[in-house]
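Each remark here refers to the structure printed beneath this line.
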2 protein chains.
Amino acid sequence: MANPLQTRFAADDIAQAEHYLAHEPPTDIDPRIERLVNELIGRIADKWTLLVLELLEEKGTLRFTQIGRQVEGISQKMLTQTLRQMERDGLLTRTVHPVVPPRVDYALTPLGNSLSAAFCGVWVWAERNLETVEAARATFDARD
Amino acid sequence: MANPLQTRFAADDIAQAEHYLAHEPPTDIDPRIERLVNELIGRIADKWTLLVLELLEEKGTLRFTQIGRQVEGISQKMLTQTLRQMERDGLLTRTVHPVVPPRVDYALTPLGNSLSAAFCGVWVWAERNLETVEAARATFDARD
DNA sequence: TGCTGTAGTTACCCAAAGGTGAGAAATGGC
DNA sequence: GCCATTTCTCACCTTTGGGTAACTACAGCA
């Protein structure tokens with residue numbers, strides 16, 4: 001495959017993300033909405049949330065330990081915390097099966113799916129500009 | 001205006017972001033690229049970087065104190081730190097005018113502009129789903 | 001003479017994020 | 001009777017993020 005992202009997002013999403021590369025400078029905005037949106041983005045755009053979001057988007061329904069094994073470096077505490085927060089925000093459903101040992105399934109809601117899709121543009125950007133950023137850093141670090 | 005985001009992003013970008021709401025579940029991806037992209041996103045998606053990015057996108061070229069005044073709550077230290085990091089990543093240019101008192105101008109590079117555009121989908125999502133998320137939280141908090 | 005303004009740097013400190021390890025509860029298997 | 005399994009919670013501790021305040025350099029201005 002030419003582009004790894006083609007296996008993650010629908011071709012449609014990727015095609016649309018390409019358009020982002022040329023757009024007009026904007027003007028002012030309602031500061032009240034701005035602050036609410038900022039708060040929401042600050043909550044959502046943290047490392048673990050992003051990783052869990054993408055994993056569930058990829059794999060569908062998973063249980064607690066499966067997620068823990070596949071999200072590299074996450075501790076039990078942070079996994080619980082992240083999942084609770086995402087459940088509270090309506091991004092995923094948590095299904096407890098009353099068996100022993102316990103079994104809890106996690107899956108994205110449509111809202112979670114749409115958030116994952118919204119981040120498609122950022123993933124596309126990151127993948128496309130990875131080397132540009134690396135080069136910029138090297139140049140910056142090399143100057144006196 | 002019906003939609004505040006219309007003043008921030010080009011109509012074209014917003015139209016494309018709408019398409020993100022329906023897309024197919026994806027499959028696997030090269031883990032090496034995945035880790036690099038994750039690292040890059042983790043670096044970029046922090047609160048202050050996002051706010052400075054959007055401000056410069058809105059206002060064009062600004063000097064140090066102008067940014068400090070308009071990014072609510074940022075300290076001098078964090079502002080310097082954020083701007084340096086963004087400059088290092090090639091997202092903005094820093095132009096020092098050798099006058100006294102000092103004058104330093106900051107402006108986004110094309111790379112910075114494209115990153116701001118890539119986040120358009122997320123802003124659109126956040127604005128559109130603000131109330132859905134609030135409602136989900138209220139429901140979650142109300143259950144025993 | 002001394003105050004003002006810009007764009008920082010540095011040192012010190014506090015609070016929050018996050019890691020570690022223990023325990024809990026219930027049941028099936030040895 | 002005891003151990004493993006699963007999904008947590010809790011207590012404790014370290015690391016990091018980030019705030020505050022002091023200090024710089026130089027020119028203009030009163």
Side-chain angles (χ1 to χ4, degrees), chain A residues 35 38-53 55-56 59 61-89 91-107 140-141 143-144, chain B residues 38-39 41-53 55-56 59-89 91-108 140-141 143-144:
Chain A
R35 251 187 311 147
N38 282 347
E39 186 267 343
L40 187 55
I41 287 189
R43 174 80 52 95
I44 276 161
D46 86 301
K47 186 183 170 187
W48 298 130
T49 302
L50 261 299
L51 293 179
V52 169
L53 189 71
L55 179 68
L56 285 176
K59 303 291 177 61
T61 300
L62 290 176
R63 30 195 313 201
F64 185 82
T65 39
Q66 289 179 317
I67 302 176
R69 271 194 293 269
Q70 292 179 59
V71 175
E72 197 168 8
I74 196 169
S75 67
Q76 238 183 13
K77 176 182 163 183
M78 287 316 296
L79 182 53
T80 308
Q81 209 171 101
T82 302
L83 290 170
R84 271 318 124 72
Q85 206 165 237
M86 292 176 74
E87 186 197 2
R88 177 169 183 262
D89 287 343
L91 298 176
L92 53 77
T93 57
R94 178 170 173 271
T95 311
V96 182
H97 302 272
V99 296
V100 66
R103 177 201 175 97
V104 181
D105 286 337
Y106 293 92
F140 183 92
D141 294 343
R143 48 157 234 203
D144 319 295
Chain B
N38 283 347
E39 186 267 343
I41 287 189
R43 174 81 51 94
I44 276 161
D46 87 301
K47 184 184 170 185
W48 298 130
T49 302
L50 262 298
L51 293 178
V52 170
L53 188 72
L55 179 68
L56 285 176
K59 302 291 177 63
T61 300
L62 290 176
R63 23 194 321 199
F64 186 81
T65 39
Q66 290 179 316
I67 302 175
R69 272 194 292 269
Q70 292 180 58
V71 175
E72 196 168 8
I74 196 168
S75 66
Q76 236 181 17
K77 176 183 163 184
M78 285 317 295
L79 182 53
T80 308
Q81 208 170 100
T82 303
L83 289 171
R84 274 313 128 73
Q85 205 165 240
M86 291 175 75
E87 186 197 2
R88 178 170 184 263
D89 287 343
L91 298 177
L92 52 77
T93 58
R94 177 169 173 273
T95 311
V96 181
H97 303 272
V99 296
V100 65
R103 177 199 174 98
V104 182
D105 286 336
Y106 293 93
L108 291 189
F140 183 92
D141 294 343
R143 47 157 235 200
D144 318 296

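B:L83 places its CG atom 14 Å from the C1' atom of C:dT6, with the value rounded to the nearest Å. Following rounding to the nearest Å, A:K47 (NZ) and D:dG17 (C1') show an atom-to-atom distance of 15 Å. Here C:dA7 presents its P atom at 15 Å from CD of B:E87, a figure rounded to the nearest Å. As a whole-Å value, the separation of A:F64 CZ from D:dT7 P is 7 Å. In this structure, B:H97 atom NE2 and D:dA25 atom P are separated by 23 Å, rounded to whole Å.
Residue B:G73 is classed as a sugar-phosphate contact, given heavy-atom separations below 4.0 Å to backbone atoms only.
Side-chain atoms of B:V104 lie closest to C:dA7 of the nucleotides C:dA7, D:dT6, D:dA27.
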* To do: Evaluate the side chain to side chain donor-acceptor pair (under 3.5 Å) criterion for residues B:Q70 and B:K59: first the C-alpha distance (whole Å), next the side-chain angles of each, then the deciding distance (0.1 Å), finally the verdict.
  => CA-CA 10 Å; B:Q70 292 180 58; B:K59 302 291 177 63; 2.6 Å; yes
* Structure fact -> Letter by letter from the 5' end, nucleotides 9-18 of chain C scores (B base, S sugar-phosphate only, - none; protein heavy atoms under 4.0 Å) B--------B
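B:R63 has a side-chain polar atom (N or O) that falls below the 4.0 Å cut-off from OP1 or OP2 of C:dA7. Within the 4.0 Å cut-off from OP1 or OP2 of C:dA26, not a single side-chain nitrogen or oxygen of A:R103 is found. Taking side-chain N and O atoms only, A:Y106 has no distance below 4.0 Å to OP1 or OP2 of D:dT7. Dashed line: the shortest gap from a side-chain N or O of A:R94 to OP1 or OP2 of D:dC8 is under 4.0 Å.
The distance from atom OH of B:Y106 to atom CD of B:E87, rounded to the nearest 0.5 Å, is 7.0 Å.
Looking at A:Q66, A:R63, A:R94, A:H97 one by one, the single match for side-chain hydrogen bond (donor to acceptor under 3.5 Å, both in side chains) with A:D105 turns out to be A:H97.
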